[in-house]
Amino acid sequence: MKVTGDQALVKKINKSIILHTIREHSPVSRARVSEMTGLNKATVSNLVAELCGQELVTEAGPGESSGGRKPLMLHFNSMAGSVIGIELQVKQLKAVLCDLGGSTLQELDCPLEVHDLPYVLEKMKGIISELIASAPSSPYGIVGIGVGVPGMVDEHGMVLFAPNLGWEMVDLRAILEQSFAVPVTIDNEANAGAQGELNFGAARDVRHLLYISAGSGIGSGIIIGGELYKGARGYAGETGHMTIEAEGKPCSCGSRGCWELYASERTYDNPGLALPARSTTELVRYAREGQEDTLRHFTTIGEYLGIGVTNLINSFNPELIVIGGALSEAEPWLGEPLRRVVAERTLPYHKQQLEITFSRLGSRGTMIGAGFSAVMHFLGNIRVTL
């Protein structure tokens, strides 16, 4: 099939390439942008002038001279607008206001006592309104809202199935866009977390990544060849519902023995456990004090995390595994049993040059990644594939 584009499309593509080059490498000279993109200097100069006029790029300097006049350096104007990133958890709603460069301007959270849609929407709209009111003055204002949801989401922002919330067929994007009149992006929370780590965290420049979001449930963001893999219909990554116990506990998804029943915060709800608290934040405090029941339970969770991670390593052969989500706060007690199980069970060649690490963004990775998706939507991340 022949692929053609008129002059306006070519210009739009080149402008997007230049903008993202400046965003990723700022501060950078026009000559360096030309070298990195392969575009001639005249094209770069003309399109940079347009980006400066749109207040997305600013000039400052001078930079280092290579023999002639010192060049003016180009900077991405991260304060041209703001985005809101939201993570919808089972027991909590967390949100962050970021600039276009991913820097946090404000962070809010509130508990979720029930999962009824009207109740959750009221909480979500309240927290969004509060962040909008606190946003600094900027040329573009609030340019988008990104939301990470613990469930299956289609390309239209419809939450198809979120078993831990009891939601089916919730058109969350349409609801929020109607309420706030700004573009909204909705994705699975693990996909959002993977984007956060890939662009701002432990996975920069990684081509083959598995991001494991371990919190109230478990999900995975899969990066293959530097790109987010979503599967044939966009539902890949529901690894928390892979079976690790054939005749195990019944799960809210309708199956049995699902990984997240043994390796997530859902384990805290087991009434037979003698735990001093029922949240990761509180249990981390007890673990620091050496409380035996807490230490024993974190060891068990770490071992079960290792079992599931082993299955994923043997399936995808990644170069990096990043453990994120709320349970990343318990790294000092989860890391050793997790890595021990992986070392014992993973195929030998799959272990070569494999790194397992915990999120640098901690429990904030999904919010930041969701906000980043909103930034990319605003900036127009245009790609052409032949």
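In this text the structure is predicted, and so the values were computed from the model without any measurement.
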With hydrophobic residues grouped by side-chain heavy-atom distances under 4.5 Å, do [X] and [Y] end up in a single group?
X: Ile127; Y: Leu117; answer: yes
X: Leu100; Y: Ile18; answer: yes
X: Val182; Y: Ile132; answer: yes
X: Ile222; Y: Val322; answer: no
X: Met124; Y: Val149; answer: yes

Are there over 12 heavy-atom neighbours, none belonging to [X], within less than 6.0 Å of that residue's [atom1]?
X: Arg345; atom1: CZ; answer: no
X: Glu289; atom1: CD; answer: yes
X: Glu292; atom1: CD; answer: no
X: Glu155; atom1: CD; answer: yes

Is the shortest heavy-atom distance from the side chain of [X] to the side chain of [Y] under 4.5 Å?
X: Ile223; Y: Tyr229; value: no
X: Val96; Y: Ile84; value: no
X: Pro276; Y: Glu282; value: no
X: Val33; Y: Val48; value: no
X: Phe180; Y: Ser129; value: yes
X: Leu172; Y: Leu121; value: yes

May I ask you to decide whether [X] forms a salt bridge with [Y], counting only side-chain N to carboxylate O separations under 4.0 Å?
X: Asp293; Y: Arg296; value: yes
X: Arg30; Y: Glu59; value: yes
X: Glu303; Y: Arg340; value: yes
X: Lys15; Y: Glu50; value: yes
X: Arg364; Y: Glu107; value: yes

Just how far is it from atom [atom1] of [X] to atom [atom2] of [Y], taken to the nearest 0.5 Å?
X: Phe76; Y: His20; atom1: CZ; atom2: NE2; value: 8.0 Å
X: Met36; Y: Ser29; atom1: CE; atom2: OG; value: 7.5 Å
X: Leu108; Y: Lys94; atom1: CG; atom2: NZ; value: 12.0 Å
X: Glu329; Y: Leu283; atom1: CD; atom2: CG; value: 10.5 Å
X: Asn311; Y: Met242; atom1: CG; atom2: CE; value: 4.5 Å
X: Leu379; Y: Leu56; atom1: CG; atom2: CG; value: 6.5 Å

Angle between ring planes, Trp333 versus Phe298, binned at 30° and 60°: parallel, tilted or perpendicular? parallel
Where do Val309 and Ile321 land on the side chain to side chain contact (heavy atoms under 4.5 Å, CB included) test, with the steps shown first? CA-CA 8 Å; Val309 166; Ile321 299 273; 4.3 Å; yes
Audit row: His350, Ser315, side chain to side chain contact (heavy atoms under 4.5 Å, CB included) steps and yes/no: CA-CA 9 Å; His350 289 63; Ser315 299; over 6 Å; no
Closest approach of [X] to [Y] (non-hydrogen atoms, all atoms of both residues):
X: Leu354; Y: Leu320; answer: CD1-N, 4.3 Å
X: Ser220; Y: Ile212; answer: OG-CD1, 3.3 Å
X: Ala135; Y: Leu97; answer: CA-CD2, 3.7 Å
X: Cys258; Y: Gly240; answer: CB-O, 3.4 Å
X: Ala203; Y: Leu198; answer: O-CD1, 3.4 Å
X: Gly148; Y: Ala370; answer: N-CB, 4.1 Å

Cation-pi check for Tyr262 against Lys249: NZ or CZ below 6.0 Å from the six-membered ring centre and within 45 degrees of the axis, yes or no? yes
Could you tell me whether a side-chain N or O of [X] sits under 3.5 Å from a main-chain N or O of [Y], the two making a donor and an acceptor?
X: Ser138; Y: Gly141; answer: yes
X: Arg339; Y: Ile356; answer: yes
X: Glu197; Y: Ala202; answer: yes
X: Asn77; Y: Met79; answer: yes
X: Tyr119; Y: Glu113; answer: yes
X: Asn314; Y: Asn317; answer: no
X: Arg207; Y: Gly225; answer: yes
X: Ser328; Y: Ser359; answer: no
X: Gln291; Y: Thr294; answer: yes
X: Asn188; Y: Met152; answer: no

Checking side-chain contact (heavy atoms from CB on, under 4.5 Å) against Val170, which of Val153, Val120, Val159 comes through? Val159
Determine whether the side chains of [X] and [Y] contain a donor N or O and an acceptor N or O closer than 3.5 Å.
X: Thr43; Y: Asn40; result: yes
X: Gln92; Y: Lys123; result: no
X: Thr267; Y: His297; result: yes
X: Asn164; Y: Glu260; result: yes
X: Glu265; Y: Thr280; result: yes
X: Ser216; Y: Gln89; result: no

Run Leu176 and Ile128 through side chain to side chain contact (heavy atoms under 4.5 Å, CB included) and show every step you take. CA-CA 10 Å; Leu176 294 179; Ile128 291 172; 4.3 Å; yes
Residues in salt bridge (Lys or Arg N to Asp or Glu O under 4.0 Å) with Lys351, at least two apart? none
Which pairs with one or both residues in residues 177-192 pass salt bridge (charged side-chain N to carboxylate O under 4.0 Å, His left out), sequence neighbours excluded? Asp187-Lys230
Centroid separation Phe161 to Tyr235 less than 6.0 Å: no
Check against side chain to side chain contact (heavy atoms under 4.5 Å, CB included), Val83 and Phe378: CA-CA 9 Å; Val83 295; Phe378 168 68; 5.9 Å; no
